[in-house]
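Below is one structure, written out as structure tokens, with a few remarks after it.
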Amino acid sequence: MLLPFASVAAIVLAGMADVGDRTEAVRSAIAGGTARNILLFIGDGMGDAEITLARDYALGAAGRLAMDALPLTGAYTTYSVEERDPSLPNYVPDSAATGTAWATGHKTSNGRISTSPGDDRDLPTILEIAQQRGYRTGDITTAELTDATPAVLAAHVTNRSCQGPADMAACPGDRKSVGGPGSIAEQMIAHNVDVLMGGGSARFDQQATEEGRTAVMDALKNGYFVIGGAAGLDLAQPGRKLLGLFAPGNMTTEWTGLEARPYPSNVEAPQVCKEDNRPAGEPSLAQMTAKAITLLDRPGSTGPGFFLQVEGASIDKQDHAANPCGQIGETMAFDRAIKTGIDFAAAHPDTLLVVTADHAHSSQIVGMPTDADHPSGLISLLLTADKVPLTVSYGTNSYHRSQDHTGSQLRIAAMGPQAANVVGVLDQTDLFQLMLRALEPIRQTVAR
Ligand SMILES: [Zn+2]
């Protein structure tokens, strides 16, 4: 196959990133200490390949993402453990087990939400500890709010599928009828998290089978301001808890394009992604992040500030779907949310900001396919910002099946107090310990 791009293949070297002198940022991070605020960004399924693919397509090979500017970077391992024998590793984890690891500091088996493998004990989470120490808390996502990553902070159930009161089949011991804490939706409201935003309104509208109540009714009774669209963000005020539910299921992806397919379909011409897919009624992740920070911040106070988790959820979901445009659009939207966080942290140096992922995923950047040599899995050609075709391959499951997670280690990068502790090779459970150190009883004189 011949592609007509050789004439424009020269990458513009003048555009290469200059990282500059980071000595001061590194020096202040090494000072350690406690943080008034923690901003934790979790890119679901955002392995090194996903980051590189988004950079190559949207900015060019020599471009740099906002997350690339963080001064300190390390790697961490993400394996989970087996339910039948927690001493055995499971090399390919899911978001429930990995979320439990960073949220509680404990390994668990795939599917569990902040509960221990085997004996099903509740494991205290970093959000619960932050609340006990007087921090405001927030938990936002582009998935359903009851999906695994947001759930691990403010719920404890046997299985991630127990999202609403009508979804409790896999969690018999968590049912309210037997004295349990109820579904993920009900527990998130009962936890009094100050800011909750994402999709998943259908879960919050499910009636509890025993009592006929919904989690939205619980939220209103519990003092939450409940909104269902982007316009409602302007009405939310500090001092009142916010529940924003912007879609019945997962929120809409920012970009769309053609799914990857087996060679030789889909390779006649490299595709250009369509970038205007999100409806106006749904806020972007960056808008949600900015609003959450405004609601949670306590300007002028010298005591504890806030803990906020921001999940870019559909990087993973579009990777499962072998849809490179959907995946890249979500990675770029996540990066814009990170930029919002970095701007806040730069103005508030007592903020620990961490960017990482929960598990690696399927997509790979591979060579140009030919009749003789091409991946056996699914491929898609993309026309990058360099005006050069790039081939992405998905090969962790067969065509028309959900592409699987992978078991590679991940990037973890940070700025602010405790950020120096991301350097080297860690385990995902170390992120909990790092955030816990940042939450040590706050010093009373805080420079702002
Ligand atoms: Zn996944």
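Atoms within each ligand, like the ligands themselves, are counted from 1 in listed order.
Between P86 and K107 the shortest side-chain heavy-atom distance does not fall below 4.5 Å. The side-chain heavy atoms of I184 and I113, taken from C-beta on, include a pair separated by under 4.5 Å. D316 places a side-chain heavy atom less than 4.5 Å from the side chain of H361.
Among the backbone and side-chain atoms of H405, an N, O or S atom lies under 2.8 Å from the Zn ion (ligand 1). The Zn ion (ligand 1) has an N, O or S atom of H320 under 2.8 Å away, backbone or side chain. For a distance bound of 2.8 Å, the N, O or S atoms of D44 include none lying that close to the Zn ion (ligand 1).
The atom of D316 that is an N, O or S and sits closest to the Zn ion (ligand 1) is OD1.
With H320 contributing its side chain and Q403 its backbone, the two residues share a donor-acceptor pair below 3.5 Å.
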